[in-house]
Structure formats: C-alpha cells, structure tokens
2 protein chains.
Amino acid sequence: MSQPPAIPRTDAALIALRRILRATEHYERDLAQAAKLTPAKLRVLQILAGTETRSAMPTQLSTQMGVSQATVTALVDQLDKLGLTQRQRSSTDRRQLHVILTDAGLEALRNAPDALQQHFVTGFQALQDWEQAMLVASLERVAAMLNAQGIDASPLLTLGDISRPRG
Amino acid sequence: MSQPPAIPRTDAALIALRRILRATEHYERDLAQAAKLTPAKLRVLQILAGTETRSAMPTQLSTQMGVSQATVTALVDQLDKLGLTQRQRSSTDRRQLHVILTDAGLEALRNAPDALQQHFVTGFQALQDWEQAMLVASLERVAAMLNAQGIDASPLLTLGDISRPRG
DNA sequence: CACCGATATTTCGGCAAACGAACCTTGCTC
DNA sequence: GAGCAAGGTTCGTTTGCCGAAATATCGGTG
C-alpha cells in the first residue's frame with residue numbers, strides 16, 4: 001500500500017493508460033473478427049444502435065467517429081452491401097441522407113457483444129459501489145484532460161443502449 | 001433531485017473509456033504528423049529508446065507492439081531508410097537481428113514529444129495529491145481488468161524514460 | 001425562372017498499417 | 001549432411017483513412 005513511489009505517479013498513470021489503450025486495440029480487432037465485421041464498421045453500427053431512430057446522417061457519424069465524411073461513405077457503402085444498413089434520402093431536404101440500421105444490422109450487433117465491454121463490465125460490476133464511483137470519476141477526469149484540446153465535444157451516446165439489449 | 005440513474009455507472013465508465021481512446025487516436029496521428037513520422041514508426045522508436053541497449057529484436061518488437069513480424073519488417077525497413085534505425089545481425093546467432101536506434105533516431109524522438117503525455121502530464125500535475133493517487137489506482141484497476149485476458153504480460157517499459165527528457 | 005453560394009454527400013486516387021502464406025537463412029541434432 | 005525449427009523477409013491483399021474534385025440540392029435574389 002504505502003510504498004515509496006518507486007515510479008513517479010505521473011509515469012504510473014501514463015503506463016496504465018497505455019496499457020488500457022493497447023488492450024483495447026486488440027480487443028477491438030478480435031471482436032471484429034468474431035463478428036465478421038471490421039472495427040470501423042462495427043463502430044458505425046454501434047452508433048446507429050444507440051440512437052432513438054436507429055439512424056443517423058453521415059455528417060453526424062463522421063463527427064462522432066472523428067473521421068472524415070469520405071471515410072463514412074466508404075464504410076456505409078460496405079455495410080449497405082452487407083445489408084446491415086440502408087440509405088434513405090431525407091424527404092424534407094434531399095441533400096441529406098439517413099443511414100438506417102436494418103434488422104439484420106441489429107442482429108449482427110447482438111451476435112457481436114463488445115469484447116471490451118464484456119470484460120470490463122464483468123470486472124466493473126464486481127466492484128464495490130464506492131469503487132465504481134471512484135472509477136467513473138477518474139475515467140471522466142482523464143477523458144476531460146485529454147479532450148481539453150477539442151477533438152470531440154459531441155456527446156457520444158453510443159454505448160448506452162447496446163449494453164442493455166432490452167428485449 | 002432523485003435522479004434515476006440516467007446513465008448507469010457501467011455505461012458512464014465505458015463512455016469515458018471510449019472517449020479516452022478516441023482522443024488518443026487523434027493525438028497519435030497529429031503527433032506523428034508533427035514529427036514527420038507515422039504513429040507505428042514512432043512506436044517502434046519509443047520502444048527502442050526505452051531499452052538499455054537502445055535496440056531490440058524484431059520478434060521482441062512484434063510482441064510488444066502486438067503486431068506480426070511481417071509488419072515489423074516493413075516498419076523497420078522504412079525507419080532504416082530514414083536513417084533512424086539500423087539493422088545488425090547478431091554475432092552469436094546470425095539468424096537474429098538487432099534493430100538499433102541511431103542517434104538520428106533518438107533526435108527524431110526528442111523532436112516529437114508525445115502529445116498524449118504533454119496534455120495528460122500537465123493536467124495530472126495540477127491535481128491534488130490525493131486525486132493523483134486515486135487516478136493512478138483507478139487506471140491501474142482498469143488496465144488490470146482489461147489485461148486480465150492475457151494479451152500481453154510484457155512489462156512495457158517504454159514510457160519511463162521518454163516522459164522525462166531530463167537531458 | 002435562372003443563377004449563386006452554401007451544404008451534404010460521393011467519387012477518385014493514394015498512402016499507411018497490418019495480415020497470412022510462401023520462402024530464404026541459419027543453427028541444431030541425429 | 002539431411003531434416004527440422006527459428007528468425008526474418010517478400011508478396012499480394014485488405015482495411016482505414018484522407019484530401020481534392022465532382023455532383024446534387026437547397027435557399028435566396030433579381
């Protein structure tokens with residue numbers, strides 16, 4: 001417990017952070033393979049699943065994912081081809097497009113439980129209440145620190161619904 | 001204010017985690033651009049810089065980075081071409097190879113301060129002592145949760161030296 | 001209605017990262 | 001020295017991403 005800090009705290013934190021990042025990278029890849037979907041495509045599906053309408057516009061997707069529109073187009077192209085999403089022009093503004101998650105898409109998501117979540121959730125839920133609280137606070141703090149410089153801003157609703165496949 | 005947990009804790013944690021990941025991805029790319037190096041190449045240099053001998057064998061690199069040997073070969077090819085690393089066959093076993101960080105490579109690293117660290121360190125050091133402690137504990141916990149399932153185990157010494165450009 | 005500027009998306013060409021499989025080298029063992 | 005294992009490399013391909021240019025649409029203005 002009270003060890004003299006052999007490793008300065010900053011470094012310890014950084015190392016932990018790195019480890020998290022690396023672990024996640026891998027999970028994402030494994031997961032994607034299991035689901036026969038690539039990470040990026042999976043992310044799209046997850047975002048869509050997280051919306052009320054199960055749909056979103058490309059611009060929205062590109063913002064939330066932090067990639068360019070061109071990239072989104074490419075991804076949606078493929079998801080469409082797989083029948084997991086569907087494009088539909090907006091009736092009010094025909095420039096706009098709705099990318100809609102199909103039933104098949106939702107199904108695919110169900111079969112691809114997020115490995116990251118699996119592990120994390122399991123571990124997390126085993127914690128004491130106060131520990132959970134502390135963890136959340138900490139993570140949010142880190143996120144804030146990193147995010148400080150912009151990048152994001154979008155509320156990122158992605159995960160909420162997915163982790164609860166409420167019938 | 002009896003807020004029914006709008007976002008359950010697990011989700012909150014997950015969201016924060018995701019945000020960290022996304023932020024980091026971006027930082028890595030920006031950073032790489034600033035340094036005229038791509039993220040992957042930079043990672044190689046960092047690992048090398050973190051060793052006693054400033055060198056490592058491809059297998060080692062591939063393990064630590066979690067990529068295949070083929071990938072490492074490609075990366076080292078390019079670093080070699082840039083004069084940032086150098087290949088040298090082992091004298092004891094000529095199958096083996098040492099990938100050595102050149103002075104130029106070290107220099108390149110110095111000019112490429114890790115953006116992730118910059119931000120994080122700054123923020124981190126502004127925290128109260130107890131907050132720092134809490135954060136470290138939390139991060140380590142998360143790392144442990146994610147790492148539980150193997151993936152790595154290698155001690156990941158990479159960062160220690162780099163974050164303190166004490167020269 | 002015809003034209004203009006802004007907005008939303010797609011197309012195109014290109015680069016980096018990564019993989020698996022096939023293939024050399026080298027060392028070790030019998 | 002034949003054969004096998006280990007360490008690397010080569011080759012062909014996939015994925016993810018981008019910027020720039022093209023396309024389509026909307027909302028005015030005259």
Side-chain angles (χ1 to χ4, degrees), chain A residues 21-22 25-47 55-82 85-100 151, chain B residues 21-22 24-33 35-47 55-82 84-100:
Chain A
L21 300 179
R22 288 215 296 139
E25 249 173 54
H26 274 269
Y27 279 137
E28 247 194 358
R29 263 189 266 157
D30 292 354
L31 155 66
Q33 253 190 334
K36 304 255 184 101
L37 276 174
T38 58
K41 285 173 210 153
L42 201 52
R43 250 180 290 159
V44 173
L45 294 187
Q46 288 177 334
I47 293 179
S55 73
M57 263 123 60
T59 321
Q60 226 177 96
L61 287 173
S62 88
T63 313
Q64 269 197 42
M65 298 177 58
V67 301
S68 74
Q69 272 191 347
T71 302
V72 171
T73 298
L75 292 173
V76 174
D77 273 358
Q78 300 186 53
L79 288 172
D80 265 26
K81 223 173 284 177
L82 294 172
T85 60
Q86 223 181 304
R87 281 178 166 105
Q88 191 181 316
R89 294 224 95 88
S90 156
S91 45
T92 58
D93 181 341
R94 302 182 53 74
R95 282 171 307 183
Q96 291 182 310
L97 206 62
H98 296 285
V99 178
I100 304 172
I151 286 190
Chain B
L21 300 179
R22 287 214 295 138
T24 312
E25 252 174 53
H26 275 268
Y27 279 134
E28 248 193 358
R29 262 187 268 156
D30 292 353
L31 155 65
Q33 253 189 336
K36 305 255 182 102
L37 277 175
T38 57
K41 284 172 212 153
L42 202 52
R43 250 179 290 158
V44 173
L45 295 187
Q46 289 177 334
I47 291 179
S55 73
M57 262 123 61
T59 321
Q60 222 178 101
L61 288 174
S62 89
T63 313
Q64 265 195 49
M65 298 177 58
V67 301
S68 74
Q69 271 190 350
T71 303
V72 171
T73 297
L75 291 174
V76 174
D77 274 355
Q78 301 187 56
L79 288 172
D80 265 25
K81 222 174 286 177
L82 294 172
L84 306 181
T85 60
Q86 223 181 302
R87 281 177 166 105
Q88 193 182 313
R89 296 222 93 90
S90 158
S91 44
T92 57
D93 182 342
R94 302 183 54 72
R95 284 172 305 183
Q96 291 183 315
L97 206 61
H98 295 286
V99 178
I100 304 172

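Lettering of chains follows the sequences in order, A, B, ..., and the numbering in each one begins at 1. All of these numbers come straight from a predicted model, not from anything done at the bench.
In summary, contact between chain A and DNA chain D, defined as any nucleotide atom under 4.0 Å from a heavy atom of the protein, begins and ends at dT15(D) to dC26(D) in the 5' to 3' direction.
Rounded to whole Å, atom C1' of dT9(C) lies 15 Å from atom CD of Q60(A). Nucleotide dT9(C) holds its P atom 14 Å from the CG atom of D80(A), rounded to whole Å. Distance CG (L97(A)) to P (dT7(C)): 18 Å, rounded to an integer number of Å. Rounded to whole Å, the distance from CZ on R87(A) to C1' on dT11(C) is 12 Å. For L42(B) and dA16(C), the CG to C1' distance is 14 Å, given to the nearest whole Å. Taking atom CE on M57(A) and atom P on dT7(C), their separation rounds to 14 Å, with Å as the unit.
Residues satisfying the side chain to side chain donor-acceptor pair (under 3.5 Å) test with T38(B), not counting sequence neighbours, are none. Every residue two or more places apart in sequence or in another chain was checked for a side chain to side chain contact (heavy atoms under 4.5 Å, CB included) with A74(B), and none qualifies. Take A40(B) and apply the side chain to side chain contact (heavy atoms under 4.5 Å, CB included) test, not counting sequence neighbours, and it matches R43(B), L75(B). Every residue two or more places apart in sequence or in another chain was checked for a side chain to side chain donor-acceptor pair (under 3.5 Å) with Q86(A), and none qualifies. In terms of the side chain to side chain donor-acceptor pair (under 3.5 Å) criterion, S62(A) has no residue partners (sequence neighbours excluded). With sequence neighbours excluded, the residues satisfying salt bridge (Lys or Arg N to Asp or Glu O under 4.0 Å) with R95(A) are D93(A). Contacts of S91(B) classified as side chain to side chain donor-acceptor pair (under 3.5 Å), with partners at least two apart in sequence or in another chain: none.
Using a 4.0 Å heavy-atom cutoff across all strands shown, T73(A) reaches at least one base atom of the nucleic acid.
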| field | Working for side-chain contact (heavy atoms from CB on, under 4.5 Å), residues R87(B) and D77(B) | value | CA-CA 9 Å; R87(B) 281 177 166 105; D77(B) 274 355; 2.9 Å; yes
| Sugar-phosphate or base contact per nucleotide [nucleotides 19-30 of chain C; S, B, -; heavy atom under 4.0 Å] | BB-----BS---
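For K41(B) and V76(A), each mapped to the nucleotide of DNA chain C holding its nearest heavy atom, the one lying further toward the 5' end belongs to V76(A).
Using a 4.5 Å cut-off on side-chain heavy atoms (C-beta onward), L37(A) and L82(A) make contact.
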